[in-house]
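Both ligands and their constituent atoms are indexed starting at 1 by order of listing.
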Amino acid sequence: MGVLVLRLILIYSFFSTLVYCGSSLPGNVTDRFALQAMKAQILQDPHRVLSSWKDSIHFCLWQGVNCSLQHHQRVIRLDLQSQNLVGTISPHIGNLSFLRELHLQNNSFSHQIPLEIGHLRRLQVLRLDNNSLSGSLPVNVSNCLSLINLNVGYNNLVGKISPEISTLSKLQSLVLQANHLTGEIPPSLGNLSSLMILGANDNNLKGSIPSSLGQLRNLTNISLASNTLSGSVPPSIYNLSALIAFSLSQNQIQGSILSDLGNTLPNLQYFHIYGNQFTGSIPMSISNATSLVELNISENKLTGQVPNLQNLVNLELLGMGNNNFKGHIPNDIAKLSRLRRLSLQNNELSGSIPSSLGNLTMLTEVLLQGNNLEGSIPSSLGECQRLLLLNLSQNNLGGPIPQHVIGLPSLSISLDLSRNHFVGPFPLKAGQLKSLGALDISDNMLAGELPTSLGSCLSLEVLHLQGNLFKGPIPSSMISLERIRDLDLSCNNLQGEIPQFLQGFSFLKNLNLSYNEFLGAVPVEGVFNTLSVTSIVGNNRLCDGIAELQLPKCKHSKESKGGGLSHSFILVISISGFLGIAMLLSLIFLHPLRKKISKETEMTSLENSILQLSYSTLLKATDGFSSINLIGVGSFGSVYKGLLLDDDRAQLVAVKVLNLLRRGASKSFIAECEALRNIRHRNLVKILTICSSVDFRGNDFKALVYEFMDNGSLEEWLHPTTPTEGVRDAPKNLNLAQRLDIAIDVACALDYLHNHCGTPIVHCDLKPSNVLLDDRLTGHVSDFGLARFLPKETSNVSSNQISSTGIRGSVGYVAPEYGMGSKVTTYGDVYSFGILLLEMFTGKRPTDHMFSEGLNLHNFVKVAFPEGVTEIADPLLLQGDHTGRRTNDTQKKLKCLCLIFQIGIACSVESPRDRKGISHVASELQSFRDILLR
Ligand SMILES: *[C@@H]1O[C@H](CO)[C@@H](O)[C@H](O)[C@H]1NC(C)=O
Ligand SMILES: *[C@@H]1O[C@H](CO)[C@@H](O)[C@H](O)[C@H]1NC(C)=O
Ligand SMILES: *[C@@H]1O[C@H](CO)[C@@H](O)[C@H](O)[C@H]1NC(C)=O
Ligand SMILES: *[C@@H]1O[C@H](CO)[C@@H](O)[C@H](O)[C@H]1NC(C)=O
Ligand SMILES: *[C@@H]1O[C@H](CO)[C@@H](O)[C@H](O)[C@H]1NC(C)=O
Ligand SMILES: *[C@@H]1O[C@H](CO)[C@@H](O)[C@H](O)[C@H]1NC(C)=O
């Protein structure tokens with residue numbers, strides 16, 4: 001009996017061990033069930049994040065799931081952001097009762113936010129922004145009393161902001177922007193005493209701004225823009241001394257701006273109240289708001305003079321347009337040395353344009369139209385060499401147009417000098433304004449002939465010369481303006497025949513030649529075929545043209561009066577003659593155009609689903625490819641930071657502009673497009689779009705637009721340059737675990753490229769500057785400009801091998817066999833990875849001057865291994881561990897470093913055959929992380 005009991009106990013304990021091992025770790029059934037229920041509601045998972053969400057793996061190891069050990073493996077964080085997931089949010093989420101952070105932003109979740117969300121009492125971060133959620137924000141959310149960050153922006157939520165939300169006393173960030181919320185802003189929001197960010201812009205909120213918001217002492221950002229708010233701004237708001245950004249633009253707010261603004265809001269950087277009904281003048285105190293970067297008070301009913309602004313040395317945008325300001329533009333404006341955009345249009349400003357404006361060399365946009373400005377254009381404006389857009393129209397300006405203002409090569413968006421009293425000839429020299437898109441000098445008193453040089457304004461889409469005293473013929477050089485959409489030459493004294501080439505301008509949508517002295521036959525093809533887009537009235541000596549014009553027959557055909565037979569004979573000849581000319585024209589002009597178009601469609605089909613952007617959009621996004629936005633110069637071009645404004649969303653992007661003069665750049669562009677077309681992986685940089693177009697100078701222009709990576713490249717982190725004075729960046733330093741994580745990220749990306757994406761891709765240019773880090777320091781491999789597809793194994797015969805000739809890679813990282821012309825293999829990337837790994841953990845570049853004559857990074861580590869690991873490791877990694885005591889932690893670190901160096905050495909051996917495969921490397925590195933974190 002006793003034996004039996006013992007046996008039973010033994011069997012029982014055997015089974016329980018088995019069960020324990022079989023399910024690998026004990027887990028909470030409720031959480032697993034809730035996660036499974038969530039998965040079931042996700043209909044599309046293009047990046048296959050949920051592929052690890054399966055029974056054979058413990059749910060704490062599922063991608064995006066974090067558990068807490070203290071709380072018996074309960075889920076505390078769920079992060080599925082930016083995965084293009086499509087589906088709905090399951091009510092079972094309410095069962096994840098230990099959840100602290102929920103990140104579902106940037107997906108396509110639709111339908112309602114489940115009420116059960118209110119069960120999550122430990123929830124601190126709720127990010128549902130940028131989805132397609134509808135219905136209202138459940139009142140229940142106010143039960144999530146731990147919430148610090150609540151963001152449901154960019155959805156389709158309706159209903160009111162519930163006053164109960166004010167019970168969330170820990171809330172620091174409340175973002176409701178870009179929904180369809182209605183009703184008033186509940187005054188109880190003034191009880192959210194921890195609130196720092198309040199974003200409710202782009203909704204349909206009405207009523208006035210509650211004065212209780214003035215109690216939010218820690219508020220730094222408030223945006224209520226683009227609603228229908230009315231009433232005046234409660235004075236209490238101006239006491240929010242922590243405010244940095246204040247935006248009420250595009251509402252119906254009245255009243256004056258508080259006179260003490262500049263003294264009560266000392267930290268204010270962004271003050272946007274444009275598009276309201278503010279009255280009164282700008283308070284003098286504004287001159288004390290020295291932190292201001294953007295001051296936009298356009299489109300109100302403000303009066304008075306332009307105040308003293310000379311202390312606002314940080315100002316980059318000054319928008320005062322569409323108000324009733326009087327007086328002069330102060331000379332002191334030249335003190336605003338960072339000013340980029342100046343808009344004073346449509347006021348009642350008088351006096352002359354101060355010549356000191358020429359000191360503002362950062363200016364990109366100047367709008368002064370619709371005032372009473374007089375005098376001439378100061379020639380100093382020619383110093384504003386970044387100017388993209390200049391509008392001085394509708395003033396009383398006179399005198400000649402200065403040569404180097406109209407010739408500013410940066411002008412590329414538009415130059416509008418119309419409706420003034422400018423005199424003299426059209427001061428255009430050949431080769432100027434090659435990039436200008438729109439030129440309007442209409443309604444002045446300019447005289448003389450049109451310059452031949454107009455033909456070199458190749459980017460022109462709009463040309464308005466009407467209402468001047470120009471005479472002579474349309475210059476034949478204008479044949480090259482084939483991009484023109486809108487051409488108005490009316491009300492001048494132009495003479496001669498209407499040029500035939502206008503028929504070939506396929507983009508032309510408006511052609512006005514009326515009230516001139518043109519004569520002869522009116523063409524009949526192209527734009528001349530449609531009455532509604534072409535006007536030729538007021539030219540008394542024109543003939544022929546399409547029948548609807550009811551013009552007389554031209555003289556030469558009238559003269560040849562003969563029998564009926566010969567008449568029709570002549571008609572046939574003239575028609576066939578015309579056809580001949582038309583054919584010739586189309587051969588000459590349409591042919592290259594067609595070729596260009598077909599080139600573009602080729603590109604499009606290559607990048608089928610990706611939306612193409614135009615040159616001018618990118619020009620705008622990067623502030624004219626301004627050097628301020630230049631973030632790097634790579635092998636085939638320059639990379640700029642840019643802000644893409646798409647409808648109402650703004651997105652930071654990185655724009656790589658290819659230097660097409662560099663040999664191979666075009667090929668590199670195609671290689672990169674091809675490589676990025678079908679591949680997607682969390683550790684590869686995501687391409688958003690491409691631009692294959694022609695710039696305003698008529699040159700080919702190619703650019704690639706990527707997601708912007710907040711933390712720059714690994715290069716900058718491994719080898720930080722000494723910080724420039726005044727820049728208070730946090731010191732860049734990565735600890736051992738962070739470096740290991742990035743190394744794993746890179747290995748995973750290579751593993752994907754080599755082994756998991758159809759045709760294997762070899763990157764060929766792996767190095768720290770091609771590893772970019774996002775806001776969470778996750779590594780993303782970038783720059784596929786040298787990438788090569790490997791032929792399929794079966795067709796791997798010698799004729800099909802890709803030789804590495806021509807591949808240069810980067811000195812120090814490129815595999816030695818490539819130097820000897822061996823074929824490209826995945827083992828070449830493994831070599832580069834090995835070097836990268838050694839560099840990451842020694843802090844030494846392979847090109848360090850200490851490496852010469854046989855000593856290289858590989859040997860340097862190999863010789864020291866394993867006893868000298870502490871000597872060769874990057875000293876930053878062991879900082880604080882040299883206190884004499886060898887703690888457990890230090891031991892773990894050293895062990896981990898040894899293992900990493902071992903892998904690095906093995907990857908960077910000379911013979912490709914002796915290197916490991918990357919998938920093997922990746923999984924080993926992953927196991928080191930476990931050692932480090934154990
Ligand atoms: C799982 O969580 C539920 C709900 O909080 C709880 O009742 C149950 O005891 C937990 N189970 C385990 C195994 O921790
Ligand atoms: C969540 O878990 C992943 C690994 O599964 C880990 O890399 C990450 O650091 C964890 N995040 C947090 C916030 O604990
Ligand atoms: C989880 O949530 C669902 C839906 O809200 C509910 O029906 C169920 O009873 C909850 N509890 C458990 C343990 O799954
Ligand atoms: C406001 O901010 C200060 C400084 O960051 C902080 O100490 C204080 O607790 C905050 N007040 C509230 C109510 O959160
Ligand atoms: C600007 O600030 C100074 C110092 O605080 C103050 O004396 C002055 O009155 C302020 N100017 C205006 C116009 O408010
Ligand atoms: C503009 O620049 C010139 C030359 O650099 C300088 O002499 C002048 O004082 C500046 N004007 C103003 C208003 O700052």
I'd like the atom pairs linking ligand 4 to the protein - N or O on both sides, separation under 3.5 Å - with distances to 0.1 Å.
unit_1: ligand 4; atom_1: 2 (O); unit_2: N218; atom_2: OD1; d: 3.2
unit_1: ligand 4; atom_1: 2 (O); unit_2: N218; atom_2: ND2; d: 2.3
unit_1: ligand 4; atom_1: 11 (N); unit_2: N218; atom_2: ND2; d: 2.9
unit_1: ligand 4; atom_1: 14 (O); unit_2: S194; atom_2: OG; d: 3.3

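For C384, there are no disulfide bond (SG atoms under 2.5 Å apart) partners, not counting sequence neighbours. With sequence neighbours excluded, no residue forms a side-chain hydrogen bond (donor to acceptor under 3.5 Å, both in side chains) with N151.
The one candidate from L229, T228, T182, L176 that meets the side-chain contact (heavy atoms from CB on, under 4.5 Å) condition with L205 is L229.
Side-chain atoms of N300 come within 3.5 Å of backbone N or O of Q277 as a donor-acceptor pair.
Applying the ring-ring contact (aromatic ring centres under 6.0 Å, His included) test to residues at least two apart or on different chains, the pairs with a partner in residues 216-250 are F246-F271.
Under 4.0 Å is where a charged nitrogen must lie from a carboxylate oxygen, and between K326 and E348 at least one such pair does.
Every N/O-N/O distance between D260 and ligand 5 stays at or above 3.5 Å.
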